[in-house]
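Shown next, in structure tokens, is the structure this report addresses.
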Protein chains: 2
Amino acid sequence: MREFFVTVDLVVLTIRESRLHVLLVERRYPPFEGEWALPGGYVLPEEDLTTAAYRELVEETAIGTGVHLEQLATYGAPERDPRGRTVTVAFLALVPQVGAPVAGTDASDAAWVPVADLEAGEMRLAFDHDDILADGIERARAKLEYSPLAAAFCPPEFTVAQLRGIYEAVWGHPLDPRNFHRKVTGSAGFLEPTGRTSTVDGGRPAQLYTRGALDTLSPPITRASG
Amino acid sequence: MREFFVTVDLVVLTIRESRLHVLLVERRYPPFEGEWALPGGYVLPEEDLTTAAYRELVEETAIGTGVHLEQLATYGAPERDPRGRTVTVAFLALVPQVGAPVAGTDASDAAWVPVADLEAGEMRLAFDHDDILADGIERARAKLEYSPLAAAFCPPEFTVAQLRGIYEAVWGHPLDPRNFHRKVTGSAGFLEPTGRTSTVDGGRPAQLYTRGALDTLSPPITRASG
DNA sequence: CGAATAGTGTCTATCAGACACTATGGC
DNA sequence: GCCATAGTGTCTGATAGACACTATTCG
């Protein structure tokens, strides 16, 4: 029995230009000075873990509405932080498209980076953040199958085509528009029609929806095939 | 930033007499002296989280082979432990049927308790262990659907009927023996026949299997209906 | 009108669930 | 033979995926 430092780290995902992006910060101080890392920070003495994660999210992105935040996993290898024994609780955040990220106090710069670039091995993150990121991406991909989570990437009202775009960006392959439409509109409680329509895409106006009350999708939308 | 205590707590599940049981210990010292709790303890200074969980598991159950151990979630509400700010990393362990549990140093007694009794609200656990237990049970139930995890409850070689008994005990309702048989034997890589047979149940001898290499079952075995 | 996107109908192969039937042991 | 359990065959209703077709807007 001894004392530990406890931090939270965030895998913040969003869709930009039809591609999945993750929020990274450039470290301003040692260790790993100048390298890219996941945003995060120390848990305060009287603060719950989720509260700490939410606070860090707001500090980094300046958004706080329509966000999905869930605990991912905890990483505590003895040598993972050279400053001392540190356990980090990782969270997964899914956010709608926003403007440029905000540089926080412990990061000299912050940026949205395409996940595909990181998966191609073009960049190594500080600490064990490559592992945490991989776990976060896999969690997001898996949860789209059976949860209405994709709506967390969308604005409050969205079309079926926008929602399909989320799935295509996260899974990295196209889906049949007609079957997708039938699937999501046919699952009672998954989407709620607003009665309004949107004409942004040049064709027939699309029905606008909000996320429904359902929190488990059965049967799931499968990602295996297009 | 301040220092925290870090512990691991275990949700250890097994099947006894065709019912799902969880391992509980009676606390020997305050806080919550005399109450029942999940087994667990402090993470040592140079110890990985999973190593700590495994150490606690061996201390409490004296078994170490054929066990499934996975991280569940982390709980860190500021007031969850009156001794000071403590974060606990909960693990889920699934073990084959074993003898009586072993009383550890920080528990005056240990016992296998039917999960159904706890779910009926007959018992309150110390700390926030009721929440942790509920999360662990739900994780186990969900993972049986799409993973070969049920084999972790079985001896090294087992029959299809034994495996079905696991599903029935965890999910709490009967499954059709014929459809279950066709399902599990038809998924290539899920089970490996050994060539040996077992005659323990009085009828036609059953083929014995070991767990196959597959780690994701597609399509899943659904728990919704019998 | 054509182009583009929204949304519906229909066909087919597959599969879950129900359940009749056969196989192989102990008594 | 009788009973119990193992394991197979067959039917039916539901559904995923493929894709033809209709609907509604813009220019």
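Residue numbers begin at 1 in each chain, while the letters A, B, ... track the order of the sequences.
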Report task. Using the closest heavy atom to pick a nucleotide of DNA chain C for each, name whichever of B:Pro219 or A:Arg164 lands nearer the 5' end. Result ->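 Nearest nucleotide further toward 5': that of A:Arg164.
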
Requested in this report: Kindly determine whether A:Leu13 and A:Leu20 satisfy side-chain contact (heavy atoms from CB on, under 4.5 Å), including the steps that lead there.
Outcome: CA-CA 7 Å; A:Leu13 301 177; A:Leu20 185 64; 4.0 Å; yes

When you measure from the side-chain N and O atoms of [X] to the phosphate of [N], is any distance below 4.0 Å, counting only OP1 and OP2?
{"X": "A:Thr185", "N": "C:dA6", "value": "no"}
{"X": "A:His181", "N": "C:dG7", "value": "yes"}
{"X": "A:Thr222", "N": "D:dG17", "value": "yes"}

Nearest-Å distance, [atom1] ([X]) to [atom2] ([N])?
{"X": "B:Phe158", "N": "D:dA6", "atom1": "CZ", "atom2": "P", "result": "14 Å"}
{"X": "A:Arg182", "N": "C:dC11", "atom1": "CZ", "atom2": "P", "result": "13 Å"}
{"X": "A:Asn179", "N": "D:dC21", "atom1": "CG", "atom2": "C1'", "result": "14 Å"}
{"X": "A:Arg178", "N": "D:dA16", "atom1": "CZ", "atom2": "P", "result": "16 Å"}
{"X": "B:Leu175", "N": "C:dG17", "atom1": "CG", "atom2": "C1'", "result": "11 Å"}
{"X": "B:Arg196", "N": "D:dA6", "atom1": "CZ", "atom2": "C1'", "result": "18 Å"}
{"X": "A:Lys183", "N": "D:dC19", "atom1": "NZ", "atom2": "P", "result": "19 Å"}

Requested in this report: Over all heavy atoms of both residues, which pair between B:Leu49 and B:Val8 is shortest? Give the atoms and the distance, please.
Outcome: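 Looking at all heavy atoms of both residues, the shortest contact is O-CG1, 3.9 Å.
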
Report task. Write down the atom of B:Gly76, the atom of B:Val87, and the distance for their closest heavy-atom approach. Result ->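 Scanning both residues completely, I find the closest heavy atoms to be CA-CG2, 4.1 Å.
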
Check nucleotides 23-27 of chain C against the protein and report each pair of N or O atoms closer than 3.5 Å, with its distance, or say if there are none.
from: C:dA23; atom 1: O4'; to: B:Arg204; atom 2: NH1; distance (Å): 3.3
from: C:dA23; atom 1: N3; to: B:Arg204; atom 2: NH1; distance (Å): 3.3

**Report entry** Min side-chain heavy-atom separation B:Leu23-B:Leu10 under 4.5 Å
**Finding:**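 When only atoms from C-beta onward are counted, B:Leu10 and B:Leu23 do not touch, as no gap falls below 4.5 Å.
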
Report task. Check whether any side-chain heavy atom of A:Phe190 lies under 4.5 Å from a side-chain heavy atom of A:Thr185, and answer yes or no. Result ->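 Answer no - side chains too far apart.
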
Requested in this report: Enter the distance from B:Phe127:CZ to B:Thr7:OG1 here, rounded to the nearest 0.5 Å.
Outcome: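 Between B:Phe127 CZ and B:Thr7 OG1, I get 8.0 Å after rounding to 0.5 Å.
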
Query - Pair B:Val22-B:Leu133, side-chain contact (heavy atoms from CB on, under 4.5 Å): steps then yes or no - result: CA-CA 9 Å; B:Val22 62; B:Leu133 175 62; 3.7 Å; yes

Query raised in the report: Between A:Tyr75 and A:Asp9, does any side-chain donor sit less than 3.5 Å from a side-chain acceptor?
Result: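 Looking only at side-chain atoms, A:Asp9 and A:Tyr75 do not form any donor-acceptor pair under 3.5 Å.
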
Residues 116-125 of chain B, side-chain donor-acceptor partners within the protein, below 3.5 Å, at least two apart:
from: B:Glu119; atom 1: OE1; to: B:Arg141; atom 2: NH2; distance (Å): 3.4
from: B:Glu119; atom 1: OE2; to: B:Arg141; atom 2: NH1; distance (Å): 3.1

Query raised in the report: Of the residues in residues 206-215 of chain A, which ones touch DNA chain C at a heavy-atom distance under 4.0 Å?
Result: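 Those residues are A:Ala206, A:Gln207.
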
